[in-house]
Protein chains: 2
Amino acid sequence: MPPSLSDRLTESILGIIRDGGLGPGDAIPSARELAKRFAITTPTVREALRKLEATGAVEFRHGSGTYVGPTINNVVLANPHRPPITKDSVLQLISARLVLEPAVAAQSAVARRPENLERLEAAVTNALIPPGGPAFALNFHVELAAASGNPLLQEVLASLLKVRVREQQQIRALYDNRERDHEEHQAIVEAVRAQDAAEAERLTREHLDNIRRAIESAPEWS
Amino acid sequence: MPPSLSDRLTESILGIIRDGGLGPGDAIPSARELAKRFAITTPTVREALRKLEATGAVEFRHGSGTYVGPTINNVVLANPHRPPITKDSVLQLISARLVLEPAVAAQSAVARRPENLERLEAAVTNALIPPGGPAFALNFHVELAAASGNPLLQEVLASLLKVRVREQQQIRALYDNRERDHEEHQAIVEAVRAQDAAEAERLTREHLDNIRRAIESAPEWS
DNA sequence: GTCACAAACTGACTAAATCACTTAGCCTTT
DNA sequence: AAAGGCTAAGTGATTTAGTCAGTTTGTGAC
């Protein structure tokens, strides 16, 4: 079963991006230009571009052009077509985080660099006055993973947390305790600053367990 | 900025799948049928379907139809357009696994059910004679995550390991030690069977560290 | 009953347009 | 000279109408 024209075209376009040394935000040739270059028609080009769009490899801007997307170099992705959220799925998510994040926090405590501390501080203090939407509080957990020095860990956490963005307000209603959130985040940062891996791990587990309990005791929804 | 027709169409098709109670393998209406139903043209339908194809939500079978894909209910995905592998990216991956998998193994040790042990045994014994391609040895690690009882953890590990499938043979050349692999897997299973979380965690860390060292000492490639 | 074949479905792709939006430059106005 | 509005070129978004290429299924000959 030979790969379809659309599949080969997708790879070719990725080749153009990579061989051209293009990064997120850079423009790629227009659909008409690509159609001419590969001697095919624009609907076919668009199909290939749509596939790349679905994974965040490219972005369309109507009237302007097509640009390299932010997640083109990602290894794992949050499913953009993920199923609707339920209370069970939220509990499943927090349980998974409860397994993964303490280990990440421990790693971040030993590997963190000065600039990570700065960014963590910023994420903690900005959480009380969210500038970029309701999901900003989750930024802390992504920054914590970033401090591990391993971009892959950051990707995994960011992908997991992106799930919650859409229904963040709904969750806020169940667990809106910014003060405690803030205090616990602050404590984790201090442990990371002190490079105390065991303490960072313990505090992170405690923090997530608090959230889990709050969600668990909340009434069913959706 | 209102969502484009293509975006709304994608959601509508997902609605058809979910409202129809369709699961992986089930057929969805043909492109022409969908075009008629939404009063649009087939190229537009195909664009929407291509986006769903990119995330594994649907699959095309030329001449037969379009079917619900295996990962439609996934929360995280392996990027199908991920960048080419390098030695550095492999080390980054193994480092991330070194952080995550020991914690998963500990959880699996306490949460495992009898059927998980069966599947783990099967994965260990089949690893020596791979039936379904060269990537079969990685199955063990996915099964280990499955034993945690949290499908999300299984998804995360499966997505991380899918990265390696494509270049698995290349990696095999660097670290082809099936005997030791097999022994170490076996030891982890025993710890999981005994529900010894600390031991499962330790053995998993040791196992991955062995792999890491083998890759690290290998010559540069690609 | 079994096999070959032909319709009828399906996806894959083409061709040539038109509409909608953005951008940049020019030109007017101040 | 600076500010604002207009216009034209370039781009994505979508349509229309068809052809080609696989797959499935039922029918009829054997």
Side-chain angles (χ1 to χ4, degrees), chain A residues 1-14 16-17 20 22-72 80-81, chain B residues 1-14 16-17 20 22-72 80-81:
Chain A
M1 207 184 313
S4 75
L5 172 55
S6 174
D7 286 334
R8 280 178 287 136
L9 186 52
T10 309
E11 291 301 320
S12 298
I13 293 172
L14 279 173
I16 289 177
I17 294 172
L22 302 179
D26 293 337
I28 68 175
S30 75
R32 287 174 178 84
E33 163 70 20
L34 290 170
K36 230 189 303 179
R37 196 181 303 189
F38 293 107
I40 55 180
T41 55
T42 55
T44 308
V45 171
R46 289 180 62 78
E47 280 184 30
L49 288 173
R50 283 288 187 204
K51 294 212 301 190
L52 293 173
E53 185 201 19
T55 64
V58 306
E59 271 179 359
F60 293 104
R61 291 184 214 160
H62 189 169
S64 173
T66 309
Y67 299 82
V68 177
T71 64
I72 185 168
H81 309 306
Chain B
M1 206 184 312
S4 76
L5 172 55
S6 175
D7 286 334
R8 280 178 288 136
L9 185 53
T10 311
E11 291 300 321
S12 299
I13 293 172
L14 279 173
I16 289 177
I17 293 173
L22 302 180
D26 293 337
I28 68 175
S30 76
R32 287 175 176 86
E33 162 72 20
L34 289 171
K36 230 188 304 181
R37 195 182 304 188
F38 292 108
I40 54 179
T41 55
T42 54
T44 308
V45 172
R46 288 180 62 77
E47 278 185 31
L49 288 173
R50 283 290 185 200
K51 293 212 305 190
L52 294 173
E53 185 201 19
T55 64
V58 305
E59 272 179 358
F60 292 104
R61 292 183 215 161
H62 189 169
S64 172
T66 309
Y67 300 81
V68 177
T71 64
I72 186 168
H81 309 305

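Below, chains carry the letters A, B, ... as their sequence lines are ordered, and counting in each starts from 1. Only heavy atoms go into these numbers, but all of them, side chains included; no hydrogens, no water, no symmetry mates.
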(message) Assess whether a salt bridge exists between A:Glu33 and A:Arg37, defined as any Lys/Arg side-chain N lying under 4.0 Å from an Asp/Glu carboxylate O.
(response)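 Salt bridge flag = yes for A:Arg37 with A:Glu33.
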Just N and O in the side chain of [X]: are any of them under 4.0 Å from OP1 or OP2 of [N]?
X       : N      : answer
B:Ser64 : C:dG11 : no
B:Ser30 : C:dT10 : yes
A:Arg46 : D:dA13 : yes
B:Thr66 : C:dG11 : yes

Rounded to the Å, how far apart are [X] [atom1] and [N] [atom2]?
X       : N      : atom1 : atom2 : value
A:Leu9  : C:dA12 : CG    : P     : 14 Å
B:Tyr67 : D:dG22 : OH    : C1'   : 12 Å
A:Lys51 : C:dA12 : NZ    : C1'   : 12 Å
A:Phe38 : C:dT14 : CZ    : C1'   : 17 Å
B:Arg8  : D:dA13 : CZ    : C1'   : 11 Å
B:Leu34 : C:dG11 : CG    : P     : 8 Å
B:Glu47 : C:dA12 : CD    : P     : 14 Å
A:Leu49 : D:dA13 : CG    : C1'   : 13 Å

(message) With nearest nucleotide decided by heavy atoms, which residue, A:Arg61 or A:Ser6, maps closer to the 5′ end of DNA chain C?
(response)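 Going by which nucleotide is closer to the 5' end, it is A:Ser6.
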List the atom pairs, donor and acceptor, that lie under 3.5 Å between side-chain atoms in residues 52-63 of chain A and the rest of the protein, sequence neighbours left out.
{"from": "A:Glu53", "atom 1": "OE1", "to": "A:Arg50", "atom 2": "NH1", "distance (Å)": "2.9"}
{"from": "A:Thr55", "atom 1": "OG1", "to": "A:Leu52", "atom 2": "O", "distance (Å)": "3.2"}

(message) For a 4.5 angstrom cut-off between non-hydrogen side-chain atoms, does A:Val45 reach A:Leu49?
(response)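 Yes - at least one pair of side-chain heavy atoms lies under 4.5 Å apart.
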(request) Check whether any side-chain N or O of A:Ser12 sits under 3.5 Å from a backbone N or O of A:Arg8 as a donor-acceptor pair, and report yes or no. (result) yes
Could I get a table of every N or O pair under 3.5 Å where one atom is in the protein and the other is in nucleotides 16-20 of chain C?
{"from": "C:dA20", "atom 1": "N3", "to": "A:His62", "atom 2": "NE2", "distance (Å)": "3.3"}

(message) One character per nucleotide, please: for nucleotides 3-8 of chain C, 5' to 3', B when the base has a protein heavy atom closer than 4.0 Å, S when only the sugar-phosphate does, - otherwise.
(response) ------
Can you name the closest pair of heavy atoms from [X] and [Y] and give their distance?
X       : Y       : answer
B:Ile16 : B:Pro29 : CG2-CD, 4.3 Å
A:Ala31 : A:Thr42 : O-CG2, 4.3 Å
B:Val68 : B:Gly23 : CB-O, 3.2 Å
B:Tyr67 : B:Gly25 : CD2-O, 3.4 Å
A:Leu22 : A:Ala27 : CD1-O, 3.8 Å

(request) Name the nucleic acid region contacted by B:Thr41, choosing base, sugar-phosphate or nothing; use a 4.0 angstrom heavy-atom cut-off, strictly under. (result)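 Base, at least one base atom sits under 4.0 Å.
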